[in-house]
Amino acid sequence: MKRGPIARQETAGRGSRGADDRYRWTALTNTTAAVFMSALDGSIVLISLPAIFRGIHLDPLAPGNIAYLLWMIMGYRLVQAVLVVTVGRLGDMYGRVRIYNSGFAVFTVASVLLSFDPFDGGHAAMWLIAWRVVQAVGGSMLQANSAAILTDAFPKERRGFALGINQIAGLAGMFIGLVAGGLLAAWDWRAVFWVNVPVGVFFTVWAYRTLRETGQRGGGRIDWWGNITFAVGLSAVLIAVTFGLQPYHGHTMGWTNPLVDAMIIGGLALLAAFVVIERRSPAPMIDLGLFRRRAFTFGNLAGLAISIGRGGMQFVLVIWLQGIWLPLHGYDYVDTPLWAGIFMLPLTAGFLAAGPVSGYLSDRLGSRGLATGGALLFGATFLGLMALPIDFSYWVFAVLIALNGIASGMFASPNSSSIMGSVPTRSRGVASGMRATFQNSGTAVSIGVFFSLMIAGLASRLPHSLSTGLQAQGVPAHAAAQAADLPPVSSLFAAQLGVNPVENLLRPTGALTHLTAAQRQTLTGHEFFPHLISGPFHSGLVVVFAFGATLALLAAIASYLRGASAPRATAPREPGPVHPPQEQHAP
């Protein structure tokens with residue numbers, strides 16, 4: 001029986017749709033793995049730092065070593081914050097898949113070299129920091145182009161779901177990194193970096209074999225002056241934040257350091273110059289016209305506020321668990337990274353449960369209500385955490401962090417979908433990079449902001465508490481006063497890294513040899529320092545969580561101001577010629 005032309009066209013159409021569907025799922029799977037890996041490495045080191053410092057034989061209380069710790073935490077995020085817009089623009093110009101594939105290869109090679117650190121002490125730390133920077137370059141290439149590849153591959157009515165899964169994978173990587181870091185560090189600190197190697201090799205090969213360009217290329221040329229002023233300006237600000245956390249000339253922090261002030265002022269001046277350059281450039285790095293779109297502008301502002309709150313909260317919770325709560329409950333300092341990751345599982349579970357569902361619902365109900373509600377719930381969990389005592393009941397804590405994870409999931413997918421759906425096709429790469437820049441900048445800044453607030457809270461009470469507590473155990477007044485001069489930042493790092501600073505501070509003075517066996521056991525045991533730091537730490541927690549709740553409220557306001565959005569799957573079509581909203585240029 002012969003088939004007519006209509007039947008042949010229908011068969012060809014079904015075949016084409018089938019091929020498109022297969023490619024969409026291939027793109028979703030590959031980019032989801034990439035974003036997950038990139039985000040995982042942003043947090044996996046945070047909880048693994050005790051094992052890494054022990055593995056490379058680095059004393060965390062030595063003044064110069066504080067910088068190593070800060071750069072291990074913040075260096076990765078700083079590089080990603082600076083580069084994602086540039087590599088997103090390169091993706092628009094030369095092909096998103098090409099830049100993305102190269103990023104996978106760079107990320108994997110850096111992971112291999114990280115796991116074979118040949119040095120010891122400070123040199124080992126510099127090796128790790130340097131290759132983390134290279135790894136972050138590859139991660140930026142992945143992160144900036146993954147959302148653009150998905151936006152090109154999926155039709156509008158299914159884009160929210162795809163972007164939601166991708167965004168959830170990225171944030172899930174941040175949460176799961178906390179658990180994975182604890183598990184892997186309990187085995188071998190190098191395993192923290194080994195985990196990326198087989199996954200990276202497989203998906204690099206798969207990406208080169210299966211992904212193809214499906215979007216438009218913008219052409220044009222590189223805006224060198226824009227790139228330079230943006231990269232140097234943002235780097236200067238974020239580097240200044242890192243130095244601002246370190247003690248300076250007897251001050252608890254370095255915010256009075258002239259170099260820090262000069263870098264902040266110079267960085268902000270360069271960012272202002274960047275805006276002027278972009279307004280006049282014939283081929284700008286960033287299309288400032290995108291900020292005329294309410295959904296794009298307010299979505300990114302809301303994402304920035306949530307990112308600052310989420311990044312700082314994770315950092316504070318890790319210190320709270322590893323340095324205080326777990327030792328008070330009898331856990332050895334060596335085991336605290338593993339158990340901190342386990343006890344934070346409700347946070348990850350809540351996020352993973354809410355994220356895909358909110359992405360699915362945003363296609364049908366719109367983004368504004370879900371994202372705004374998620375931001376409000378996010379802030380409410382900060383208020384709940386602020387009310388907890390230092391030695392809390394775990395189940396109350398578990399419920400609060402699970403709700404925090406649910407709130408993050410409610411916000412992330414709709415917000416990402418709203419941002420990416422508001423821009424023209426030709427600008428999706430740079431829009432994805434800008435969204436990632438806001439998110440990564442928020443995470444990098446969050447550690448500086450929350451750390452500064454925490455140190456300020458400790459500085460007002462910790463010296464007196466430390467001096468009084470030591471003298472109560474028989475330590476001479478002069479030795480107790482000397483120990484009380486320990487910078488609060490060192491006490492905070494000691495709590496996170498599982499080091500008892502009391503023993504390290506008193507051993508050189510010889511004070512321990514003049515105490516009774518019971519007094520020595522008390523001072524060097526698991527509970528003395530956590531009990532001592534609990535009061536000052538709680539003062540810092542109240543300030544930190546109040547600030548987090550304020551950020552969440554600002555995020556909810558910004559999210560609401562993005563404007564109403566019709567459900568994508570059921571949006572009405574007017575008769576006559578129709579121009580897709582994402583193709584229209586800003587007024």
Side-chain angles (χ1 to χ4, degrees), residues 32 35-36 38-40 42-43 46 77 143 147 160 163-179 299-318 341 344-362 367-386 397-419 435-436 438-443 445-447 450 544-545 547-559:
T32 297
V35 170
F36 177 83
S38 176
L40 181 86
S43 63
L46 176 62
R77 293 294 181 193
Q143 195 175 43
L163 288 171
I165 292 293
N166 199 249
Q167 176 80 345
I168 291 305
L171 295 176
M174 292 177 60
F175 293 125
I176 292 175
L178 300 175
V179 180
N300 276 308
L301 290 176
L304 175 65
I306 291 293
S307 182
I308 294 174
R310 181 174 51 240
M313 183 201 68
Q314 286 184 354
F315 188 67
V316 170
L317 292 184
V318 167
M344 290 181 70
L345 275 173
L347 180 68
T348 305
F351 182 80
L352 293 177
V357 174
S358 65
Y360 175 82
L361 292 176
S362 70
S367 300
R368 183 167 71 166
L370 285 166
T372 303
L376 291 173
L377 179 60
F378 189 75
T381 61
F382 274 99
L383 298 177
L385 289 168
M386 185 169 62
F397 176 81
V399 169
L400 286 172
I401 63 174
L403 289 174
N404 186 277
I406 290 171
S408 291
M410 285 177 61
F411 174 84
S413 299
N415 192 63
S416 178
S417 178
S418 174
I419 291 170
R435 178 183 59 83
F438 277 99
Q439 180 175 310
N440 290 323
S441 298
T443 303
V445 168
S446 69
I447 296 175
F450 277 62
V544 162
F545 287 144
F547 181 69
T550 302
L551 285 172
L553 178 61
L554 294 175
I557 294 172
S559 183

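Note that the numbering runs from 1 along the sequence shown for the chain. The analysis underlying the following values was restricted to heavy atoms, covering all of them including side chains, and did not include hydrogens, waters or symmetry mates.
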Query raised in the report: Minimum heavy-atom separation for Ser446 to Gly312, with atom names?
Result: OG-N, 3.2 Å
Query raised in the report: Which atom names give the shortest non-hydrogen contact between Ala375 and Ala552, and what distance separates them?
Result: O-CB, 3.5 Å
Query raised in the report: Within the distance-only criterion (no hydrogens, no angle test), does the side chain of Thr372 pair as donor or acceptor with the backbone N or O of Arg368 below 3.5 angstrom?
Result: yes
**Report entry** Exam field: side chain Ser559 to backbone Ala555, donor-acceptor pair closer than 3.5 Å
**Finding:** no
Report summary line: Closest heavy-atom pair, Pro414 versus Leu370, reported as atoms and distance to 0.1 Å, is CG-CB, 3.8 Å
Requested in this report: Nearest 0.5 Å please: distance from the OG atom of Ser416 over to the CD atom of Gln439.
Outcome: 8.5 Å
Report summary line: Minimal heavy-atom distance between Ala556 and Leu376, with the atoms involved, is CB-CD2, 3.6 Å
Query raised in the report: Ala39: what forms a side-chain contact (heavy atoms from CB on, under 4.5 Å) with it, not counting sequence neighbours?
Result: Met174
Query raised in the report: Under the side-chain contact (heavy atoms from CB on, under 4.5 Å) test, which residues partner Thr32, sequence neighbours left out?
Result: Leu28, Ile165, Asn166, Ala169
**Report entry** All ring pair (Phe, Tyr, Trp, His ring centres under 6.0 Å) counterparts of Phe382, not counting sequence neighbours
**Finding:** Phe378, Phe545
Query - Counterpart residues, ring pair (Phe, Tyr, Trp, His ring centres under 6.0 Å), relative to Phe397 (two or more places apart) - result: Phe392
**Report entry** Stepwise side chain to side chain contact (heavy atoms under 4.5 Å, CB included) check, Met344 with Leu317
**Finding:** CA-CA 9 Å; Met344 290 181 70; Leu317 292 184; 4.0 Å; yes
Requested in this report: Drop me the distance from Ile306's CD1 to Asn415's CG, to the nearest 0.5 angstrom.
Outcome: 8.5 Å
Donor-acceptor pairs are to be reported for all side-chain atoms of residues 402-410 against protein atoms at under 3.5 Å, with residues two or more places apart or in another chain.
unit_1	atom_1	unit_2	atom_2	d
Asn404	ND2	Thr381	OG1	2.9
Ser408	OG	Asn404	O	3.3

**Report entry** For the student: nearest non-hydrogen atoms of Ala549 and Leu383, plus distance
**Finding:** CB-CD2, 3.8 Å
Report task. Sequence neighbours left out, what pairs pass side-chain hydrogen bond (donor to acceptor under 3.5 Å, both in side chains) with at least one residue falling in residues 345-355? Result -> none
Query raised in the report: To the nearest 0.5 Å, what is the distance between CG (Leu400) and CG (Leu347)?
Result: 11.0 Å
Query raised in the report: Just how far is it from atom CD1 of Ile308 to atom CZ of Phe450, taken to the nearest 0.5 Å?
Result: 8.0 Å
